[in-house]
Amino acid sequence: MRKIQRDFTPREVMEPSSPQDMRRISRRSFAWAGVAVASTYGVLHWIFTRRQDNGIPWPLRRGLDVNEQVWTDIYDGKRKVPTYADSQITEERENGDEGLHNTDDDTLDDFDPATWKLHLVGSASDSDPIEITLADIQKLPHVEQVTELFCIEGWSIVQKWKGVRFVDFAAKYPPPTTDGSEADVVKAPEMLVPYVGMKTPNGGYYVGLDMQSALHPQTLLCWEMNGKPLEVEHGAPLRLVIPTKYGVKNIKRIGTITYSTDRPKDYWAEQGYDWYAGL
Ligand SMILES: Nc1nc2c(c(=O)[nH]1)N[C@H]1C(S)=C(S)[C@@H](COP(=O)(O)O)O[C@H]1N2
Ligand SMILES: [Mo]
């Protein structure tokens with residue numbers, strides 16, 4: 001993949017680097033709006049003589065609602081991307097082979113998907129790190145999902161994926177909680193360590209994900225694409241499909257998954273792209 005300059009849209013420029021920043025930014029802009037309004041006594045008087053919603057005069061309530069809306073629009077972990085009918089699947093396209101080839105001569109390396117195992121590091125299990133086979137993963141409930149993959153180069157494709165939801169994988173192989181209590185991935189995801197890192201077996205490509213995006217119901221660990229087993233160039237035997245993020249996060253040929261407290265390194269974030277790379 002070529003490192004092309006991306007055209008940043010205003011929304012991306014404004015994109016905060018963390019939920020904490022976001023909260024700070026919205027609080028600050030709300031405060032400034034408040035100062036502007038408060039500068040006129042007449043306006044203040046008008047506000048406080050308005051009808052009250054939940055004990056708050058409605059003009060102020062409006063402000064709160066807008067902030068809340070911005071917050072949930074960007075960070076609502078359950079907001080789903082569109083899914084498509086099989087008839088809408090577009091031609092396959094292959095892009096990005098970092099971590100899939102020999103670094104010295106650029107040929108696809110001699111990796112053998114048949115002997116592959118997934119390494120899980122940093123889990124709540126006593127026997128951490130764990131080795132997991134494809135058969136183990138395929139024992140979990142499968143889903144099929146037709147979604148659009150957006151490359152930061154400006155094109156997109158609609159493909160059908162088969163795999164397990166990452167949330168089901170995480171329920172079976174739970175991350176630790178921050179206070180050492182037992183993990184409940186579905187009911188108390190906020191208690192889990194905040195990050196998931198993934199890298200190829202040779203470490204040549206790696207992505208970092210916030211836990212909320214990893215546990216999103218459309219985030220899948222996949223072994224099938226368009227009704228056929230994944231091909232090597234598409235990430236056999238197991239790749240990530242995370243349609244709420246740009247293509248860069250959809251790592252092919254996952255070798256190791258790591259749960260962590262620290263933000264994992266990310267190949268394209270190191271090249272200057274937004275770490276979240278959300279759509
Ligand atoms: N291991 C690995 N995974 C990767 C990449 C890569 O270079 N190496 N490129 C990413 C990018 S930029 C895109 S757009 C998608 C493309 O997936 P596809 O080749 O299956 O269409 O893979 C992603 N996953
Ligand atoms: Mo991409």
Side-chain angles (χ1 to χ4, degrees), residues 1-9 12 81 83-84 86 88-113 116-119 134 144-163 166 196-209 213-214 216 218-258 264-279:
M1 181 169 134
R2 265 173 301 137
K3 296 169 191 177
I4 55 150
Q5 188 63 42
R6 181 177 176 196
D7 292 332
F8 284 95
T9 64
E12 282 157 335
V81 298
T83 54
Y84 298 88
D86 285 11
Q88 291 169 294
I89 294 171
T90 61
E91 207 182 314
E92 294 174 9
R93 185 162 176 166
E94 186 203 322
N95 196 56
D97 62 358
E98 301 301 328
L100 307 183
H101 53 68
N102 295 312
T103 38
D104 28 342
D105 64 5
D106 233 34
T107 55
L108 275 181
D109 68 18
D110 50 10
F111 169 78
D112 178 7
W116 172 94
K117 280 197 180 89
L118 176 67
H119 299 266
L134 191 59
E144 279 191 330
Q145 186 172 279
V146 182
T147 48
E148 190 164 10
L149 180 141
F150 291 88
C151 180
I152 49 176
E153 291 172 343
W155 49 268
S156 73
I157 43 174
V158 174
Q159 307 284 284
K160 179 175 182 160
W161 304 101
K162 180 174 173 175
F166 188 80
V196 181
M198 299 188 186
K199 64 176 184 188
T200 56
N202 71 2
Y205 195 76
Y206 36 91
V207 298
L209 304 166
S213 298
H216 183 283
Q218 291 173 308
T219 302
L220 311 181
L221 296 172
C222 290
W223 57 84
E224 227 181 80
M225 175 177 150
N226 300 329
K228 295 168 295 177
L230 263 191
E231 286 172 34
V232 171
E233 57 273 31
H234 291 296
L238 193 73
R239 77 172 294 167
L240 183 69
V241 170
I242 181 162
T244 52
K245 304 271 184 192
Y246 276 101
V248 286
K249 294 285 189 187
N250 292 242
I251 181 174
K252 302 188 271 196
R253 194 192 291 172
I254 305 166
T256 304
I257 296 181
T258 305
K265 61 178 190 164
D266 183 276
Y267 186 92
W268 284 104
E270 285 171 5
Q271 310 296 319
Y273 288 87
D274 172 52
W275 189 88
Y276 281 89
L279 282 163

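Counting starts at 1 for both ligands and their atoms, in listed order.
Between Asn250 and ligand 1, at least one N/O pair is under 3.5 Å apart. Not a single N or O atom of Trp155, backbone or side chain, sits closer than 3.5 Å to an N or O atom of ligand 1.
Contact of the Leu220 side chain with the Gln145 side chain is registered, since non-hydrogen atoms from C-beta on lie closer than 4.5 Å. Inter-residue side-chain proximity for Leu209 and Met198 is flagged as met; some heavy-atom pair is nearer than 4.5 Å.
Those atoms of ligand 1 that come under 4.0 Å of a heavy atom in Cys151, given as number and element, are 14 (S). Taking every heavy atom of Ile251 and a limit of under 4.0 angstrom, the matching atoms of ligand 1 come to 3 (N), 24 (N).
Nearest-residue assignment for atom 1 (N) of ligand 1 (options Glu94, Arg93, Met198, Glu98; heavy-atom criterion): Glu98. The nearest non-hydrogen atom to atom 20 (O) of ligand 1, considering only Arg239, Met225, Lys252, comes from Arg239. Here atom 23 (C) of ligand 1 lies nearest to Gly247 when heavy atoms of Ser156, Gly96, Gly247 are compared.
Contacts of Gln159 classified as side-chain hydrogen bond (donor to acceptor under 3.5 Å, both in side chains), with partners at least two apart in sequence or in another chain: Asn226. When the side-chain hydrogen bond (donor to acceptor under 3.5 Å, both in side chains) test is applied to Trp116, no partner is found at least two apart in sequence or on another chain.
At least one heavy atom of Ile157 sits less than 4.0 Å from an atom of ligand 1.
No side-chain donor-acceptor contact under 3.5 Å links Lys162 to the backbone of Gly227. For Lys249 (side chain) and Trp275 (main-chain N/O), a donor-acceptor pair under 3.5 Å exists by modelled atom type.
Ionic pairing of Arg93 and Glu153 is not present here: no N-O contact between side-chain nitrogen and carboxylate oxygen is shorter than 4.0 angstrom.
Using a 4.0 Å cut-off between heavy atoms, Thr200 contacts ligand 1 through its side chain alone, with no backbone atom that close. Residue contacts with ligand 1, taken as heavy atom pairs separated by less than 4.0 Å, do not involve Ile152 at all.
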